[in-house]
Amino acid sequence: MKRRDFIALSGVGVGSSLFAYPTIDSLFKNKIKWQKASDGKLFHQVSCDGIPLVGSEQLGLLNANIRISDSRHRTKLDPENNRGKLAGLKLNLAHQLKTSGLLGEDVLEATLSIENQSKDATLIDIAFTTAAQPSAKVGGQKIYIPISATALNKDPRYTEFGSADFLQECEQKIGEDSFSCHYLEPMASTPNEQKTKALLLAPVIHIENDSSTWRVALFTPSDQPYRFATIKDGGKRNGWEATRTVEVKANQKMELKCYLLCHKGEADTAWKAFHKLAHTDELEPIDWLHDVKVHYYDFLSSAKGEYGLRGDGYEADLSHFWDFKIGLATQHGYYPYIGDFLDPNRKDWLAMQGDAAGPAHMSIQKMKDRISATRKMGSRAGVYMHTVLFDEGSPLFNSLQDSILIDPNGQKKGFKWIGPDTVKRNWWMSFAAEDWRNHILKQVEYIMEILDPDAIVFDETFVCLGYDHHPDRMGPLSTYSIPLFKEIRKVIRSYGEEKALITSDCGGSNMVMWADADGGDHSYPKLLGNPLYRQEPIRYKAALGQKPWVPCSWHFLKMWDEQMDLAQKTGSAIGVSNGWIEFNGLHGLDEQTSARLISDINQLY
């Protein structure tokens with residue numbers, strides 16, 4: 001079914017949520033038939049419109065291969081043998097039919113249960129395999145995958161992942177050729193692979209073929225790294241595998257899952273199924289975030305413009321919040337040292353110490369007054385934090401310098417940011433360092449307890465993916481960053497049911513899955529300005545799901561048309577700003593520009 005037909009059937013209009021599909025199972029009744037093996041334990045075939053999709057018994061419908069890493073000891077679990085033992089491991093593969101909410105029982109869930117009955121930890125390679133294809137004419141096979149937007153700007157901060165060679169387009173025509181991609185850091189799933197051609201925002205492979213109206217998707221849980229790749233059986237028949245290496249500790253039990261979806265929609269239909277079945281959101285959504293259509297960001301701006309003394313631009317813009325329908329206003333640049341944001345014993349301080357016009361005087365009381373004034377204008381108030389950036393000018397630096405990320409050459413990694421808020425040198429801190437994680441959590445507590453904002457907006461959370469080469473904590477960062485952001489969200493929510501964590505992934509990673517919304521700063525020519533970034537289905541919706549998208553925009557005037565295009569396609573908010581790149585703010589706009597922007601904003605309601 002074409003996208004326009006889906007929209008007509010479901011009543012989804014332009015600007016609506018891409019996932020607001022009603023159940024239309026009656027349109028496809030009995031179109032998908034799952035067939036079990038003779039013993040009735042596992043499924044071995046699926047037929048759509050009477051056409052079988054599995055052409056290889058060896059790869060199967062959704063089988064599992066398990067191997068002791070770096071050895072020849074392996075076993076296979078399939079419809080003929082769903083239980084087994086390997087070394088000291090007890091293994092079981094189970095199938096269960098699920099529904100995406102669209103086409104009845106359209107999803108097959110495979111659960112691999114592993115129990116280590118030995119006294120030693122065991123490292124194993126596991127692979128879920130499927131030969132399901134929309135068409136037997138595999139030469140026409142193409143996929144649509146949500147590739148990280150860091151591919152579009154060749155972000156040098158992802159060099160270790162191979163960003164210079166990242167594929168840019170989500171749709172890839174692969175036919176019978178080999179293809180592989182990764183969800184989370186490549187080394188997290190495959191220790192011997194450091195780089196990738198495609199870094200996924202969500203672990204979903206959507207398989208299409210012009211020879212069929214049916215689609216097949218393979219996906220895995222949101223908090224687990226996987227490598228997805230094409231595979232061939234002994235007869236060179238094609239399929240796919242989802243693989244990862246995992247350590248099973250002595251006496252440990254674990255379950256690994258993989259899902260197969262059959263449907264007639266586009267890739268965003270598979271993303272919907274992934275969010276329903278393979279991602280667990282531990283906290284309830286926050287309603288007010290869905291009402292935000294304009295996000296205002298202030299970089300401790302000046303009311304006098306680019307060359308004025310910073311610190312009063314926010315106040316100058318406040319009286320315009322109502323006209324511009326500001327739903328969320330975030331304070332940025334307020335701190336004395338980036339990374340050291342707030343301290344209850346520091347009542348006032350100098351901010352923007354590197355600015356040419358001189359430092360700005362800031363205080364806890366001034367921040368509180370801004371929050372109060374923001375709420376009186378009918379807006380919610382946010383406070384900025386950076387995720388890993390830390391200025392060595394902070395008095396806390398000496399006690400935290402061992403938490404600096406170590407690069408592949410064994411050197412401490414600097415963060416290439418020099419701005420008006422820079423005091424000395426900035427460093428890239430590591431989530432693998434417990435001291436840094438504790439510091440971040442304490443800063444969150446200080447901000448929530450002292451200022452009581454409606455949200456904390458974490459900047460550049462795509463840095464949550466990466467590698468630390470410190471000898472005591474070597475490895476992928478997602479192992480630590482995902483649990484940390486879960487904890488940050490719980491801490492913020494403990495101050496009130498409507499207190500929000502907002503990430504800023506810029507389409508670069510998937511941390512929004514463990515937040516309440518995303519406020520990514522993406523208004524740049526190589527990101528939002530690239531038509532591929534706004535090509536439907538919008539890649540970032542794979543990570544976002546149904547969560548609100550409330551972007552920041554420093555290029556808010558320059559990129560206005562592109563912002564509106566994205567907002568009308570996805571229902572996202574737009575960003576306005578002051579104090580960085582553009583310095584007019586709201587109060588400095590001429591009447592004609594203000595009227596045009598306000599008219600456009602009104603169209604979003």
Side-chain angles (χ1 to χ4, degrees), residues 1 6 10 18-37 39-49 52-54 59-64 77-79 82 92-114 126-134 146 183 202-207 214-224 226 228 239-242 244 254-282 513 541-543 545-546:
M1 177 176 289
F6 242 104
S10 63
L18 293 181
F19 298 135
Y21 303 148
T23 299
I24 51 175
D25 179 53
S26 59
L27 296 175
F28 301 102
K29 189 175 182 180
N30 298 322
K31 295 292 186 179
I32 303 174
K33 291 185 178 180
W34 305 90
Q35 300 171 35
K36 282 188 174 181
D39 62 7
K41 291 182 179 179
L42 297 180
F43 292 92
H44 69 97
Q45 181 63 271
V46 61
S47 298
C48 296
D49 287 332
L53 302 189
V54 178
L59 300 177
L61 178 60
L62 205 49
N63 294 344
L77 302 182
D78 57 27
N82 73 308
N92 181 70
L93 180 64
H95 283 169
Q96 185 175 357
L97 293 178
K98 300 277 188 174
T99 178
S100 69
L102 190 61
L103 307 180
E105 291 182 326
D106 52 1
V107 179
L108 179 64
E109 176 191 75
T111 302
L112 175 62
S113 300
I114 305 170
I126 68 101
F128 291 99
T129 67
T130 182
Q133 285 277 341
Y183 173 67
V204 186
I205 303 296
H206 185 254
I207 308 165
W214 285 92
R215 310 285 188 259
V216 173
L218 188 69
F219 58 92
T220 53
S222 60
D223 58 355
Q224 298 172 23
Y226 271 92
F228 296 90
W240 283 84
E241 64 177 359
R244 63 178 298 207
M254 68 168 57
E255 287 187 346
L256 301 176
K257 293 181 181 291
C258 187
Y259 301 82
L260 184 73
L261 165 70
C262 298
H263 68 102
K264 280 196 169 185
E266 295 187 15
D268 49 359
T269 303
W271 302 343
K272 173 183 179 288
F274 157 74
H275 277 276
K276 178 176 181 178
L277 299 172
H279 174 67
T280 301
D281 204 330
E282 298 172 347
M513 291 188 194
K541 294 289 285 188
Q546 296 184 22

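Everything numeric here is computed off the predicted structure, so don't read it as measured data.
Residues Ala273 and Ser100 approach most closely at CB-CB, 3.7 Å, considering heavy atoms. Between Ala132 and Leu260 the shortest heavy-atom distance is CB-CD2, 4.0 Å. For Phe274 against Thr220, the heavy-atom pair with the smallest separation is CE1-O, 3.4 Å. Nearest heavy-atom pair, Cys48 versus Leu53, reported as atom, atom and distance to 0.1 Å: SG-CD1, 3.7 Å. Shown here for Glu241 and Thr129, the closest heavy-atom pair between the two residues is CB-CG2, 4.2 Å. Nearest heavy-atom pair, Tyr183 versus Phe228, reported as atom, atom and distance to 0.1 Å: CB-CE1, 4.3 Å.
Side-chain N or O atoms of Lys264 include none that pairs as donor or acceptor with a backbone N or O of Arg215 at under 3.5 Å. Checking side-chain atoms of Thr130 against main-chain N and O of Leu61 turns up a donor-acceptor pair under 3.5 Å.
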Arg244/Ile126 under side chain to side chain contact (heavy atoms under 4.5 Å, CB included): CA gap, chis, key distance, verdict
CA-CA 6 Å; Arg244 63 178 298 207; Ile126 68 101; 3.8 Å; yes
Please evaluate residues Leu218 and Val204 with respect to the criterion side chain to side chain contact (heavy atoms under 4.5 Å, CB included), reporting the C-alpha separation (whole Å), side-chain torsions for both, the decisive distance (0.1 Å), and the verdict.
CA-CA 6 Å; Leu218 188 69; Val204 186; over 6 Å; no
What do the steps show when you test Leu97 against Phe43 for side chain to side chain contact (heavy atoms under 4.5 Å, CB included), and what is the final call?
CA-CA 9 Å; Leu97 293 178; Phe43 292 92; 3.8 Å; yes
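Between Val46 and Pro52, the closest side-chain pair of non-hydrogen atoms is not below 4.5 Å. Counting only heavy atoms from C-beta outward, the side chains of Lys36 and His44 never approach each other to under 4.5 Å. Ile207 has its side chain within reach of Trp240: a pair of non-hydrogen atoms, C-beta onward, lies under 4.5 Å apart.
With values rounded to the nearest 0.5 angstrom, Leu261 atom CG is found 11.5 Å from Lys276 atom NZ. Once rounded to the nearest 0.5 Å, the distance linking NE2 of His95 with OG1 of Thr111 reads 8.5 Å. Distance check: Leu277 CG to Ser222 OG gives 11.5 Å after rounding to the nearest 0.5 Å. The distance from the CH2 atom of Trp214 to the CD atom of Gln133 is 15.5 Å, given to the nearest 0.5 Å. To the nearest 0.5 Å, the span separating SG on Cys258 from CD on Gln224 amounts to 10.0 Å. Remark: Trp34 CH2 to Ile32 CD1 distance equals 6.5 Å, nearest 0.5 Å.
At a threshold of 4.0 Å, the pair Asp106-Lys31 does not count as salt-bridged, since none of the basic side-chain nitrogens sits closer than that to a carboxylate oxygen. Of the charged side-chain nitrogens involved, at least one lies within less than 4.0 Å of a carboxylate oxygen, so that Glu109 and Lys257 count as a salt-bridged pair.
The aromatic rings of His206 and His263 sit tilted, their planes meeting at an angle between 30° and 60°. Taking the six-membered ring where the residue is Trp, Phe128 and Tyr226 present tilted rings, their angle falling between 30° and 60°.
A side chain to side chain contact (heavy atoms under 4.5 Å, CB included) with Asn92 holds for exactly one of Asn82, Ile114, Leu77; it is Asn82.
Residues meeting the side chain to side chain contact (heavy atoms under 4.5 Å, CB included) test with Asp78, sequence neighbours left out: Asn63, Lys76, Glu80, Asn81. Residues passing the side chain to side chain donor-acceptor pair (under 3.5 Å) test with Gln35 are Ser47, sequence neighbours excluded.
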